[in-house]
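Below: the structure, in structure tokens.
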Amino acid sequence: MIPTTLDLTADPQGIARAADLLRQGLLVAFATETVYGLGGDARSGSAVAAIYEAKGRPSFNPLIAHVASVQAAQRFVQWSDQAQMLADAFWPGPLTLVLPLREGNGISTLVTAGLDTLAVRVPAHHTARALLAEFDGPVAAPSANPSGQISPTNAEHVRAGLGGRIAAILDDGPCGVGLESTIVGLAEEPTLLRPGGVALEQIEAVLNARLHLHQSGDLLTAPGQLQSHYAPDAPVRLNARTRQGDEVLLGFGPVECDLNLSAKGDVTEAASNLFAALHKLNESGRPIAVSPIPNTNLGAAINDRLCRAAAPRDS
Ligand code: TXA
Ligand code: MG
């Protein structure tokens, strides 16, 4: 039990302190361009166990190892030509690659949940990069929210969800992309494992090939099969044109609503506002209706998150 959670400023002193806490096996939430991550030393079983514990996350769900560079990633995974093409195009940035683990990788098996693959990402955010450079090792980091709840896009979200349960929060304002990274599996045929901050269309253009669709293809057609995730407390209703009953309306485009993801109908702007908007409307305690959002570019990732937020909950 950690009695207080330090607030660290994202200056050289704060970053040095954060790296030091990571070296002690403690947990630090830090800003990335996608969402805030809850970081721990990916080589330390006890640090990774503490991540699962702080989030209340089922331990079969593997984590992303954040590294400073392609060279750093290559120490842990078996690299490939396709990995190089995608890294050239999108790293540093909101793309995670799942590749076969290398022998002698030193990554805790709790990070991979026993799989023989590892998810790796080189984040673009200057604070995340500075922290990784200072720590000089792989940082396992899921989104810094209690398991199943809305992802955090600012330090206040992190404090509200995990304050008192982690050593520190490295605050660097709101996240720019606002949606988690896109995850592409390259251990077998290139597969979209999670839509996110880099659009499917962009990835297919770089690979000059279609990606296999793992979850996302099924998600929107079969919402009943979705695991509830990213869930506000109140029910969420999608593709709403108007409010029903007591609902608040989360709008998109030129509509009359309580909060607009993007009045000009820009999916990239909407992505950056999504989680903060859900956090805010959640505070109203009322059911949330959401305008239809086109499924192109980052719209696919937004709809993936919204479908999960609207999915039936375990009681
Ligand atoms: O943008 C992001 O990716 C953020 C920031 C903090 O970097 N992180 C993030 O982590 O979203 P998390 O733990 O919330 O989501 C990681 C996802 C999980 O859905 C997990 O199942 C998948 O990555 N994953 C991790 N390792 C995997 C593997 N070896 N094979 C397949 N999926 C994997
Ligand atoms: Mg998450």
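These values consider heavy atoms only, across backbone and side chains, with no hydrogens, waters or symmetry-generated copies. Indexing begins at 1, ligand by ligand and atom by atom, following the structure's order. It should be emphasised that the depicted structure is a prediction, and the values quoted were computed from it without experimental measurement.
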Please work out which of [options] has its closest non-hydrogen atom nearest to [atom].
atom	options	answer
atom 10 (O) of ligand 1	Ser151, Gly93, Pro142, Gly39	Pro142
atom 4 (C) of ligand 1	Thr32, Asn61, Val35, Leu63	Val35
atom 29 (N) of ligand 1	Leu179, Thr182, Thr117	Thr117
atom 8 (N) of ligand 1	Gly37, Ala119, Ala141	Ala141
atom 9 (C) of ligand 1	Gly178, Ser143, Ala128	Ser143
atom 13 (O) of ligand 1	Arg57, Glu33, His66	Arg57

Note: [X]-[Y] ion pair, threshold 4.0 Å (strictly below):
X	Y	answer
Arg286	Asp258	no
Arg75	Glu103	no
Glu256	Arg243	yes

task = Count the heavy atoms of every other residue, nucleotide or ligand shown that sit under 6.0 Å from CD of Glu204, and state whether that count exceeds 12.
result =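 Above 12, so yes.
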message = If the condition is ring pair (Phe, Tyr, Trp, His ring centres under 6.0 Å), which residues does His157 pass it with, not counting sequence neighbours?
response =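 His157 satisfies ring pair (Phe, Tyr, Trp, His ring centres under 6.0 Å) with His279 once adjacent residues are dropped.
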message = Tell me the protein heavy atom at minimum distance from atom 17 (C) of ligand 1, and give that distance in Å.
response =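 Of every protein heavy atom, Ile183 CD1, 3.4 Å lies nearest to atom 17 (C) of ligand 1.
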Under 2.8 Å: N/O/S of Ser143 next to the Mg ion (ligand 2) =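 So Ser143 does bind the Mg ion (ligand 2) by this criterion.
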